[in-house]
Enquirer: 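Let me begin by handing over the structure; questions about it come next.
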Amino acid sequence: MNEIDLVLFDRDGTLVHDVPYNGDPDLVRPVDTAREALGLLRDRSIATGVVTNQSGVARGLLSADDVRRVNERVDELIGPFDVWAVCPHGPDDGCRCRKPRPGMIEWAAGRLGIPPGRTAVIGDIGADVEAARRAGALGVLVPTPVTRSQEIAAAAHVAPDLARAVRAVLSGRLRVTRSRAEERITKAACDRAGRAR
């Protein structure tokens with residue numbers, strides 16, 4: 001059984017509906033199963049956190065204060081989260097934190113004293129699960145309309161929604177993979193995990 005002590009979530013498109021370069025807290029809307037998913041984790045005293053790329057800061061479209069205010073609104077609606085990690089860099093800045101690099105995951109897990117191997121990362125694009133893989137964490141993809149078909153095909157674990165992703169993580173049947181295509185979760189596997197809770 002794979003013990004998970006921390007679940008890190010991508011923010012935009014995963015926990016809340018994606019509004020590109022959102023700097024307005026009033027536009028924050030949680031996805032349908034966010035509260036349910038987080039409740040499942042909190043009921044089991046599993047730590048939660050957010051790891052989010054915010055390149056709008058580097059592009060001059062957002063300020064760090066805009067990002068902070070939006071994060072605070074997310075925390076008000078579906079938090080509190082145990083840890084937040086934000087990468088303000090652009091794609092070409094060469095930082096270690098921007099997903100798909102593993103820096104934010106390693107930092108967030110380290111901040112809570114939890115090894116990456118006991119951490120799951122749930123996100124809506126390939127960069128989220130690739131960052132998890134590089135950090136040695138469990139990655140689960142929850143596709144949205146912006147998720148590319150190649151990202152879905154390459155993901156080791158895929159779930160149809162956030163609550164089923166969390167149930168699958170909690171089932172203990174998922175394994176941290178070094179291979180991107182080693183194992184896939186189908187809708188049926190996610191449904192079985194939900195019934196087993």
Enquirer: Given L170 and I4, is the side-chain contact (heavy atoms from CB on, under 4.5 Å) satisfied, shown in steps?
Expert: CA-CA 8 Å; L170 293 173; I4 296 294; over 6 Å; no
Enquirer: Going by the side-chain contact (heavy atoms from CB on, under 4.5 Å) test, name the single residue among V16, V166, V74 that passes it with F9.
Expert: V166
Enquirer: Tell me if the CZ atom of R111 is crowded by more than 12 foreign heavy atoms within 6.0 Å.
Expert: no
Enquirer: With side-chain contact (heavy atoms from CB on, under 4.5 Å) as the test, would you mind laying out the steps for D12 and N22 before giving the verdict?
Expert: CA-CA 9 Å; D12 303 319; N22 182 25; 5.7 Å; no
Enquirer: I need the L162 CG to L40 CG distance, nearest 0.5 Å.
Expert: 9.5 Å
Enquirer: Quick one: does any side-chain atom of D128 pair with a main-chain N or O of I125 as donor and acceptor, under 3.5 Å?
Expert: yes
Enquirer: Is any NZ, NE, NH1 or NH2 atom of the basic residue among D10 and K99 found under 4.0 Å from an Asp or Glu carboxylate oxygen of the other?
Expert: yes
Enquirer: Is T144 reaching over with its side chain to a backbone N or O of D124, donor-acceptor style, under 3.5 angstrom?
Expert: no
Enquirer: Roughly how far, to the nearest 0.5 Å, is OG1 of T147 from CG of L141?
Expert: 5.5 Å
Enquirer: Looking at R175, is its backbone amide N or carbonyl O close enough to the side chain of H157 to form a donor-acceptor pair, meaning the two atoms are under 3.5 Å apart?
Expert: yes
Enquirer: Any donor and acceptor pair, going by atom type alone, linking the side chain of R29 with main-chain N or O of D26 inside 3.5 Å?
Expert: yes
Enquirer: Would you indicate whether the side-chain heavy atoms of L15 and L38 approach each other to under 4.5 Å?
Expert: yes
Enquirer: Do NZ/NE/NH1/NH2 and the carboxylate oxygens of R133 and E130 come within less than 4.0 Å?
Expert: yes
Enquirer: Nearest 0.5 Å, what's the CD1-CZ distance between I46 and R118?
Expert: 10.0 Å
Enquirer: In sequence, state the C-alpha distance, the side-chain angles, and the governing distance for N53 and R11, and then conclude on side-chain hydrogen bond (donor to acceptor under 3.5 Å, both in side chains).
Expert: CA-CA 8 Å; N53 288 347; R11 191 187 81 182; over 6 Å; no
Enquirer: Using only atom types and a distance under 3.5 Å, with no angle test, would you say the side chain of D93 pairs donor to acceptor with the backbone of C95?
Expert: no
Enquirer: Got a donor-acceptor contact below 3.5 angstrom from the S63 side chain to the D66 backbone?
Expert: yes
Enquirer: Check residues 76-91 and write down every donor-acceptor pair under 3.5 Å in which the side-chain atom is one partner and the other belongs to a residue at least two apart or another chain.
Expert:
| unit_1 | atom_1 | unit_2 | atom_2 | d |
| --- | --- | --- | --- | --- |
| E76 | OE1 | R73 | NH1 | 3.0 |
| D82 | OD2 | T48 | N | 2.8 |

